[in-house]
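The structure appears below as structure tokens.
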Amino acid sequence: MSYDLTGKRLWVAGHRGMVGGAVVRRLAQEDCEVITAGRDWISAMPTNLYGPGDNYDLQKSHVLPSLLRKFHEAKITGAKSVELWCSGAPLREFLHCDDLADALVFLLKTYSGHEHVNVGSGDKVSIRELAETIAKVVGYEAELTFDVTKPDGTPRKRMDSSRLQQMGWDNARPLADGIRDAYRGFLGKDLAA
């Protein structure tokens with residue numbers, strides 16, 4: 001398979017380095033426009049994200065969207081229980097995707113450094129507490145059952161976002177509010193998928 005580069009605009013990251021420079025020199029032989037940026041860069045590492053546009057596939061999604069769908073389907077079908085694939089004890093941290101966007105814009109406006117910045121809410125919640133919160137948001141408090149034959153995974157996944165907070169960003173919405181927004185987005189999707 002051959003791809004014609006004629007008239008294409010190509011962005012090369014790291015154009016001042018050895019490999020990026022070599023790519024720019026090679027692309028100079030093609031009939032294309034090479035775009036480089038000389039501007040500052042920021043490395044930001046988010047925690048577990050959720051929100052509009054998430055993947056709600058029960059086999060491929062992460063814990064929060066999966067539980068949101070499970071509780072919604074339990075409500076629709078009148079199921080008496082919702083099964084969780086662990087003991088419910090592991091602790092996780094979640095951040096709404098719009099809050100991540102807010103933090104990234106904040107960093108663009110205020111930060112210039114080479115150290116990466118963790119972006120999180122700073123709040124930890126157990127999987128059991130997460131399920132209970134989702135049940136309240138969905139409006140269906142089915143019995144929680146736990147399949148302890150499935151692994152818990154890491155007991156705690158929480159990052160240190162203190163650098164970001166010390167810079168002045170602490171704008172993560174409460175988890176229940178974020179889940180409400182995610183559920184509204186979910187209800188707008190094709191639930192048959």
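Ion pair E115/R163 flagged as a salt bridge, since at least one NZ, NE, NH1 or NH2 atom sits closer than 4.0 Å to an Asp/Glu carboxylate oxygen. Taking the charged nitrogens against the carboxylate oxygens, R9 and E33 do have a contact shorter than 4.0 Å, which makes a salt bridge. Ion pair E73/R69 flagged as a salt bridge, since at least one NZ, NE, NH1 or NH2 atom sits closer than 4.0 Å to an Asp/Glu carboxylate oxygen.
Remark: the Y183 side chain and the H72 side chain contain an N/O donor-acceptor pair separated by less than 3.5 Å. Judged by distance alone, the side chains of N118 and D160 never bring a donor and an acceptor atom under 3.5 Å apart. Side-chain contact of S87 with D152: a donor-acceptor pair under 3.5 Å is present, judged by distance alone. In summary, the side chains of N48 and H62 do not present any donor paired with an acceptor at a separation below 3.5 Å, with no hydrogens or angles considered. Judged by distance alone, the side chains of S126 and E129 do bring a donor and an acceptor atom under 3.5 Å apart.
In this structure, CG in L164 is found 5.5 Å from CG in L107, a value given to the nearest 0.5 Å. Here the CG-CD1 distance, from L104 to I42, works out to 8.0 Å after rounding to the nearest 0.5 Å. We find the CG-OH distance between L130 and Y50 to be 9.5 Å, quoted to the nearest 0.5 Å. Here the straight-line distance linking atom CG of L68 with atom OH of Y56 works out to 5.5 Å at 0.5 Å rounding.
R16 pairs by the side-chain hydrogen bond (donor to acceptor under 3.5 Å, both in side chains) definition with nothing, not counting sequence neighbours.
Both V23 and V34 sit in one connected hydrophobic cluster of ILVMFWY residues. Membership requires side-chain heavy atoms under 4.5 Å apart, directly or through other members. Grouping the Ile, Leu, Val, Met, Phe, Trp and Tyr side chains by contacts below 4.5 angstrom, directly or via other members, places L64 with F146. Cluster membership for I76 and L58, using ILVMFWY side-chain heavy atoms within less than 4.5 angstrom, is not shared.
For K75 (side chain) and V138 (main-chain N/O), a donor-acceptor pair under 3.5 Å exists by modelled atom type. The backbone N or O of A135 lies less than 3.5 Å from no partner atom in the side chain of E141, so there is not a single donor-acceptor pair.
Each of T47, V63, L49 was compared with F94 under the side chain to side chain contact (heavy atoms under 4.5 Å, CB included) criterion, and only V63 meets it.
Annotation: Y140 is not in aromatic contact with F71 [ring centroid separation under 6.0 Å not met].
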Using the rule given for side chain to side chain contact (heavy atoms under 4.5 Å, CB included), can you reason through V12 versus I35, listing the C-alpha separation, both sets of side-chain angles and the distance that settles it, and then say yes or no? CA-CA 6 Å; V12 178; I35 303 166; over 6 Å; no
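Counting heavy atoms of neighbouring residues, nucleotides and ligands inside a 6.0 Å radius, atom NZ of K150 exceeds 12 of them.
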